[in-house]
Amino acid sequence: MKILGVASIIIFLLSSCKNKSGQEMHSAFLTIDSHIDIPIKLTNDSTYNLEEDNSLLADGSRTDFPRMDKGGLDAAFFIVWTAQHECDSIGIQRANDKAHEIIATIKSRINSSPSFAQLAFSSDDIIKINDSKRHPILIGMENGYPIGKDISQVEHFYNLGIRYLTLCHTKNNDICCSSTDESEDKGLTNFGIEVVHELNRLGIIIDVSHISDSAFYQVIKYSKAPVVATHSNCRALCSHPRNMTDDMIKLLAKNGGIIDINFVDEYLRTPEPNAARDSAVSIIKNKYSNPKISDKEKDELSMEWDAIHTKFPSKHATISDVIDHIDYVVKLVGIDYVGIGSDFDGGGRVAGLNDVSEMGNLTNELLKRGYSEKDIEKIWSGNFMRVFREVENISHEIKN
Ligand SMILES: [Zn+2]
C-alpha cells in the first residue's frame, strides 16, 4: 500500500511535469528582450503612460507594463537611439544632448513607476528586481555617434547607466562603418578600436547589430569579451546587409557571443516583388534618410510604414519566420548562441508577435517545434545572462 502510494506520487509528478503548459513554462522563465525602442515614444509624448495598457489607443505602440505582464516579458533594454547626421562638432553635440534627454526620460519614467519596474545596471540587478516581481529595465545605446571622438564619453555614458553600445546605426560614424552605408567598408576606425577596449574595460556589452561586416570581424579580433548582436537575423534566410552571414554567426558563437533575433519584417523574409508596395517603401526610406527630418516626422513615417505592411499582408513575415531564424542559428552553432531582440517600437512586429503582450506565443511555437523547456529558457535569458556575466567578469579582471 505504502509502495503503491509512493509510486502514484511519482506517476503524478511525472505526468504533471509532462503536462506543464507553455503558459506555465513561460511565466516561470526569466525573459529578456534586448532591444525595445519605446523611449522614442516616451521622449516625444509626455502623456504616454507605461502603467496603462495602451493597445486600445491604436497608436501603434507596442510596449507598456500591463502588456509586458500579459506577455510574460520580464526584462527589457530600453534604447537610447540617435539618428546619424554629420560627424562634425554641431551634429555630435546635438546627438549628445539628445542622448542625455532620452536617458533622463527613461530614468524619470521608470523611477516614477516603482511598483512596476526598476532600473537595472548589472546581471545581479536583473535577478534581484525580477525576484521582487517587478520589471528590470536596462538602458542600451544604439549608435555611438553621441560619443564623437571623445573616449571619456564612454565612461560618462556608463556612469549614466548605459550597459550596451551599438557601435553605429544606418550610416558610418567616427567609430566604424555601417552595414547599410553605401561607401566603401573600412571597418573600425582607430578610434573605434580604442572604443572597443574601453567598452571591455568598463563592462559595457558591445552590440554588433548594424555594423559592417569588416567592422564585425575587427570587433571580434579586438574584443576581449563576447559580443551580442542585440537585434539581427540570418542573411542565409533573408539577404539583407543588416543580417549576419553564417561565417559571422559561427565566429560570434566561437567568441561566446549571441545573436538576438529581430522581429522586423524586412530582416526576416525577402518579400516577393510587389511594385506598389516597393515604391511606397522606397518613398518612406528616402524621407527617412533625410538628415533634416524631425522626430515627429519620424513617428509619422513609422506609422506609415506599419500602414503599408498592413495594406500588403500577404508579404508580412510571421512568428513562424522568427522561429525559422532561431532554428537556423541553433542548427548552425547550437542552442547556446541565440536570444530575442524584438525591435518593438522601432519597426519590429510580425503576425503572432504584434507587441510585448504576445511574447508567450514564442514559447508555445518553440514547444511545437520540439524545443525543450531547458532550451527555451536559454533562448529567453540563459544565453544573454551568460554573456552579460562574462562581460562583467572581464571588466573586473581588466580593472584589477
Ligand atoms: Zn536598430
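Numbering of ligands and ligand atoms starts at 1, following listing order. Side-chain atoms are counted along with the backbone in the values below, which use heavy atoms only and exclude waters and symmetry mates.
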Quiz item: Does a salt bridge link Arg386 with Glu390, judged by any charged N lying under 4.0 Å from a carboxylate O?
Solution: no

Exercise. Check all N, O or S atoms of Glu142 and name the one closest to the Zn ion (ligand 1).
Key: OE2

Quiz item: Closer than 2.8 Å to the Zn ion (ligand 1), do we get an N, O or S atom from His210, backbone or side chain?
Solution: yes

Quiz item: According to the interplanar angle, ranging from 0 to 90°, do the rings of His169 and His210 count as parallel (below 30°), tilted (30 to 60°) or perpendicular (above 60°)?
Solution: tilted

Quiz item: Do the side chains of Ile261 and Val329 get nearer than 4.5 Å, heavy atoms only?
Solution: yes

Quiz item: Any salt bridge between Lys41 and Asp345, counting N to O under 4.0 Å?
Solution: no

Practice problem: Examine all N, O or S atoms of His231, backbone included, and report whether one is under 2.8 Å from the Zn ion (ligand 1). | Solution: yes

